[in-house]
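Report on one structure; see the data block that follows.
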Amino acid sequence: GGSSVAGLRISGAANVRWRSGLITAPEGIHGFAAGGYGIQVNGGARNIRFDAVTVTAAKKGVVLDTASNIIFADSKFTLLG
């Protein structure tokens, strides 16, 4: 179940819970900069939780910058560059 998303960016948000789904990079495993990121969390985002997500086909599965309290539970990371 869940959604399929190519390139998830969360910027400046607080108290977000993302439940299940497949997350890939917009440009796949050979993508450049943000085009190769599965998930990017920045801009002071805080208290973000991912439950049962699969991050795949990305150069970098997760990129965090000025983010705090980011949690991944029961999640998988595969086929990363």
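- When all heavy atoms of G38 and A58 are compared, the pair lying nearest together is N-CB, 3.8 Å.
- Closest approach of R17 to D51, counting heavy atoms only: NE-OD2, 2.6 Å.
- For the atom pair OG (S68) and CD1 (I48), the distance works out to 8.5 Å, reported to the nearest 0.5 Å.
- What you find for R49 and A73 is that their closest heavy atoms are NH2-CB, 3.5 Å.
- Inspection of the T66 and N42 side chains reveals no N or O donor paired with an N or O acceptor under 3.5 Å.
- Of all heavy-atom pairs spanning A34 and P26, the tightest one is O-CD, 4.1 Å.
- Taken to the nearest 0.5 Å, the OG atom of S11 stands 9.5 Å off from the CG atom of D65.
- Connection of V5 to V55 is established within a shared hydrophobic cluster, with ILVMFWY side chains joined at heavy-atom distances below 4.5 Å, either directly or through further cluster members.
- In terms of hydrophobic clustering, with Ile, Leu, Val, Met, Phe, Trp and Tyr side chains grouped at heavy-atom distances under 4.5 Å, I70 and V63 are assigned to different clusters.
- Across all their heavy atoms, I23 and L8 have their closest contact at CD1-CD2, 4.0 Å.
- Using cut-offs of 30° and 60° for the angle between ring planes, the F72 and F50 rings count as parallel.
- Considering every non-hydrogen atom in both I29 and L79, the closest pair reads CD1-O, 3.5 Å.
- Atom-to-atom distance recorded for R46:CZ and N15:CG is 6.5 Å, nearest 0.5 angstrom.
- At distances below 3.5 Å, at least one donor-acceptor pair connects side-chain atoms of T56 with backbone N or O atoms of T78.
- Of the inter-residue distances, the one linking I10 atom CD1 with L64 atom CG reads 10.0 Å to the nearest 0.5 angstrom.
- No continuous path of ILVMFWY side-chain contacts below 4.5 Å connects I71 to I39, so the two sit in separate hydrophobic clusters.
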